[in-house]
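Structure, as structure tokens:
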Amino acid sequence: MLENALQGSNRYWGWIFFLLTLIGIGFICYLYQLRHGLGITGMSRDVSWGVYIAQFTYLVGVAAGAVMLVIPKYLHHYNPYAKVVIFGEFLAIAAVIMCLLFIIIDIGQPMRMMNMILHPTPNSILFWDMIVLNGYLAINIICGWNSLLAEKKGVPTPGWVKPFIFLSIPWAFSIHTVTAFLYAGLPSRHLWLTAIMAPRFLASAFAAGPALLLLVLLLMRKLKIFDPGPRPIQTIAITVCYAMIANVFFMLLEFFTSYYSNIPAHMHGLDYLFFGLQGYGQLVPWMWTAAVCGAGGILLLLIPPARRNYLILTFACAAIVLSTWIDKGVGLVIGGFVPNPFDRVTPYHPTLPEIAIAVGVWAVGAFILTVLYKMALGVRTERRLI
Amino acid sequence: MYDAGKVIIGLVIFFCFFTFAFWYNMGKAAPAPKPKLDTPVIKKMVKKQCIEGTHFMRTTHMQLLNHLRDQALRQGNRWYTNKRGEKVWISLQNTCLKCHSNKKEFCDKCHNYVGVDPYCWDCHFDPNRSKL
Amino acid sequence: MSMDRRKFLKIAGLSALVGLGGSEAFELLQPGALEASEGHEVEGGAKKAHEEGPYAGDKIRWGIAIDIIKLGENPAMAKKIITTCHYEHNVPNWGNPKDEVKWIWEDDYEHSFPDSYNDLMAEKVEGMPFLLLCNHCDRPPCVRVCPTKATFRRPDGVVAMDYHRCIGCRFCMAACPYGSRSFNWLDPRIALKREGRKLNPRFPTRMRGVVEKCNLCVERLDAGKLPACVEVAPDIMIFGNLVDADSPVRKVLRERVSMRRKIQLGSKPSVFYLV
């Protein structure tokens with residue numbers, strides 16, 4: 001099936017080489033980081049996790065979001081998803097690989113990575129995160145590859161794959177719950193120390209993942225590569241809408257608890273993100289952009305005629321992807337470290353090499369996604385399914 | 001076989017490339033180094049012996065060092081009783097390097113010869129040098 | 001528990017094979033071993049604390065009481081203590097807050113106790129220097145989150161670091177409520193070289209990419225010596241075994257009013273501030 005990814009139009013090869021260039025730049029910057037240490041990033045003693053861990057957190061959500069297609073298709077036999085569910089699974093594969101790469105580039109001694117397995121420590125949430133993420137990757141490779149293989153051969157998906165498909169459903173919930181537990185169990189990081197962290201993560205994931213997928217589907221439709229048809233597009237849009245409403249609702253609950261209780265430590269994190277704290281407010285414009293995009297996206301998706309207009313739908317999805325990305329991929333991690341344990345604010349600005357490395361990892365994800373999608377589309381062209 | 005000629009040429013090139021290091025270094029084997037033991041502390045010793053026998057130290061010092069490291073650091077037990085029944089204070093800088101104060105002629109010589117780069121020296125240093 | 005992990009796993013695996021339930025399997029090991037280990041887990045918990053004191057079950061529990069009044073009378077000592085510690089352990093001075101590495105340092109009351117800051121505190125306390133260091137908690141959050149056991153709690157209560165094992169994930173830095181941990185963003189030897197200062201030949205440096213912090217001078221404790229900060233300022237840093245009611249630290253804690261940082265988090269610091 002891989003041979004399908006080795007032939008394509010000039011447009012295809014242009015895109016591939018563009019991604020390879022980004023990967024190359026990121027890789028060179030990573031070698032620079034490997035040589036000198038994480039000191040080349042903007043992270044410091046006070047803000048000790050930055051862009052890398054934030055992207056990791058966001059992408060776990062994207063990976064988990066695929067389950068929003070798997071549940072209707074396999075639990076409820078919702079057939080309009082028959083042709084698109086593979087794209088969801090492949091998006092999950094690309095996203096989980098990006099997650100793992102972001103963890104690897106973030107650790108100070110990557111050559112000792114295997115210490116996690118040599119000295120397994122079940123009381124550490126990071127240990128469980130390693131297990132669930134690698135497990136999810138394996139499950140999605142098994143399911144995605146075998147259903148595509150079955151499609152190529154024109155036979156139904158083999159029976160032994162079914163249990164893995166069903167397993168992928170609770171497993172998707174587990175990856176983002178465990179990722180939320182990384183944060184939600186730390187004393188004295190008040191922005192994170194909240195029981196609603198896991199549900200909020202899941203809600204934001206079920207908005208972000210399908211919204212990103214929808215953007216890719218709409219792009220493929222625009223480029224006349226693949227048309228999923230109106231029904232799956234509308235159903236995914238509605239899923240995104242409801243999940244985003246839940247996400248915003250959970251966020252407002254955080255605001256209520258923090259500000260009504262009036263406990264300074266609980267307000268400081270949100271203060272810093274949305275209003276500025278001790279004269280520092282670098283993230284304020286970001287967070288309000290996220291708020292406006294989130295609200296606007298929900299509104300556009302709620303109105304059926306607007307949702308049915310593909311241009312507006314594209315805007316709405318882009319707004320929601322941007323909103324959830326700022327919320328989790330920018331604000332959440334940095335906001336958790338501000339103020340520091342001494343009630344002081346340390347600003348964090350990512351450096352150019354740091355951003356180049358992060359872009360490189362995103363490019364790796366886009367590369368994997370492109371190759372996998374090309375394979376899937378190639379198989380369908382062979383079988384004249386589209 | 002399709003394109004047999006091309007495939008075979010490719011295989012030959014691959015084989016040559018893959019085994020290049022062997023061809024290039026043929027007949028140029030470097031002599032095995034002899035680590036030096038002529039430090040002031042060792043010279044003064046009446047019976048020149050390490051904490052364990054020479055053969056054991058030569059073959060097993062890496063495992064022993066790892067084991068002693070974990071015992072000292074993780075269990076807080078800094079005494080090692082060797083096969084001769086003597087008690088030795090476990091410390092790379094304060095015990096090992098006290099006698100073997102010639103890290104370059106002792107440690108590095110063999111390590112360079114066999115092409116290993118143990119990360120001991122990323123943190124530990126030769127205490128005779130007060131500066132890095 | 002008095003058996004090693006390998007043996008434990010063997011027996012546990014074997015009993016899983018023959019289909020024994022969890023608690024029966026534990027009974028196989030050693031009657032009463034489960035209770036003993038659980039009892040150890042809740043050591044210091046409400047019930048035991050009430051009956052036998054907070055450190056019942058331990059033989060040694062090192063702790064430090066810092067006399068803030070004396071330190072305030074002689075503020076130059078703070079610098080001396082910091083320099084001594086940082087020389088003793090070859091802690092580099094980067095000279096900028098981004099790459100900063102520190103084991104013990106000075107701050108004011110307001111920032112040392114941000115959660116229990118009192119606006120109307122006595123002026124004397126307001127201006128006093130507080131020495132901050134790793135609290136060597138009884139229930140250390142950093143140990144709880146470490147994925148490789150690179151940071152661990154010794155039986156004598158010292159929260160130690162194994163720099164050979166640390167992968168540099170910095171989870172412990174996010175978990176520590178006291179900001180006690182530093183990461184080697186760059187090779188610490190660059191800063192040590194730049195400073196051109198004399199190194200302590202008895203102690204190693206660190207490498208880039210690992211987390212470090214105060215180790216309560218375990219290398220000195222194991223050799224029967226006092227921690228360096230205590231040795232240089234014995235009347236300010238009062239050190240001792242918290243289990244032993246007659247130790248100097250317990251004596252001074254009986255006589256003076258003391259505070260601990262962020263006790264509401266339940267991590268149970270063993271660094272006390274005498275006011």
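Just so we're on the same page: letters track the sequence lines, and every chain starts at 1.
- Ranking A:Arg344, A:His36, A:Met113 against chain C, the residue ahead of the rest is A:Arg344, based on heavy-atom pairs under 4.5 Å.
- Contacts of C:Arg261 with chain A are made by side-chain atoms alone, with heavy-atom separations under 4.5 Å and no backbone atom involved.
- Counting heavy atoms of neighbouring residues, nucleotides and ligands inside a 6.0 Å radius, atom CZ of A:Phe27 does not exceed 12 of them.
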Next item on the list: Using the side-chain contact (heavy atoms from CB on, under 4.5 Å) rule, take A:Met114 and C:Thr148 through it: C-alpha gap first, then chi angles, then the decisive distance, then the call.
Entry: CA-CA 9 Å; A:Met114 288 302 158; C:Thr148 60; over 6 Å; no

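- Shown here is C:Ile263, whose CD1 atom has no more than 12 heavy atoms of other residues, nucleotides or ligands within 6.0 Å.
- Heavy-atom pairs under 4.5 Å with chain C peak, among A:Trp49, A:Phe127, A:Trp128, at A:Trp49.
- With a 4.5 Å cut-off on non-hydrogen atoms, A:Leu186 touches chain C through its side chain but not through its backbone.
- Only the backbone of A:Leu34 comes within contact range of chain C, judged by heavy atoms closer than 4.5 Å.
- Listed for the A:Asp343 side chain is no donor-acceptor partner under 3.5 Å among the backbone atoms of C:His111.
- Ring geometry for C:Trp105 against A:Phe342 counts as perpendicular: the plane angle is over 60°, on a 0 to 90° scale with 30° as the lower cut.
- Among C:Pro97, C:Cys176, C:Ser182, the residue with the largest count of heavy-atom pairs under 4.5 Å with chain A is C:Ser182.
- Contacts between A:Met43 and chain C at a heavy-atom distance below 4.5 Å involve backbone atoms as well as side-chain atoms.
- Residue contact with chain A, scored on non-hydrogen atoms closer than 4.5 Å, involves the backbone of C:Val143 exclusively.
- Proximity to chain C (any heavy atom under 4.5 Å) is shown, for A:Asn115, by both the backbone and the side chain.
- With chain A as partner, the option from C:Val145, C:Leu265, C:Leu186, C:Ile167 having the largest number of non-hydrogen pairs under 4.5 angstrom is C:Ile167.
- We find the CZ-CZ distance between C:Phe183 and A:Arg45 to be 13.0 Å, quoted to the nearest 0.5 Å.
- Using a cutoff of 4.0 Å between basic side-chain nitrogens and carboxylate oxygens, C:Lys98 and A:Asp46 are not scored as salt-bridged.
- Heavy atoms of C:Cys169 lying under 4.5 Å from chain A belong to its backbone as well as its side chain.
- Closest approach of C:Pro147 to A:Leu126, counting heavy atoms only: CG-CD2, 3.7 Å.
- More than 12 heavy atoms of other residues, nucleotides or ligands sit less than 6.0 Å from atom CZ of A:Phe250.
- Neither the backbone nor the side chain of A:Tyr183 comes within contact range of chain C, judged by heavy atoms closer than 4.5 Å.
- Between chain C and the options A:Asn340, A:Ile103, A:Leu182, heavy-atom pairs under 4.5 Å are most frequent for A:Leu182.
- Heavy atoms only, all atoms of each residue included: C:Trp185 and A:Ser44 are closest at CZ2-O, 3.1 Å.
- Looking at residues two or more places apart in sequence or on another chain, you find no salt bridge (Lys or Arg N to Asp or Glu O under 4.0 Å) involving C:Glu110.
- Taking CG of A:Asp129 as the reference point, atom CZ of C:Phe171 lies at 8.5 Å (rounded to 0.5 Å).
- Residues A:Pro187 and C:Pro177 are in side-chain contact: their nearest non-hydrogen atoms beyond the backbone lie under 4.5 Å apart.
- When every heavy atom of A:Pro341 is checked against every heavy atom of C:Lys262, the shortest pair comes out as O-NZ, 3.2 Å.
- Ranked by heavy-atom pairs under 4.5 Å with chain C, the list A:Met130, A:Met116, A:His119 is led by A:His119.
- Residues A:Gln109 and C:Arg208 come closest through the heavy atom pair NE2-O, 2.6 Å.
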Check: Does the pair A:Arg112 and C:Arg165 meet the rule for a side-chain contact (heavy atoms from CB on, under 4.5 Å), with working shown?
Finding: CA-CA 7 Å; A:Arg112 293 187 195 161; C:Arg165 193 181 282 189; 5.9 Å; no

Next item on the list: Carefully, step by step, assess A:Ser48 and C:Arg170 under the rule side chain to side chain donor-acceptor pair (under 3.5 Å).
Entry: CA-CA 7 Å; A:Ser48 47; C:Arg170 310 192 294 295; 5.2 Å; no

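- Within the 4.5 angstrom heavy-atom criterion, no atom of C:Ser267 approaches chain A.
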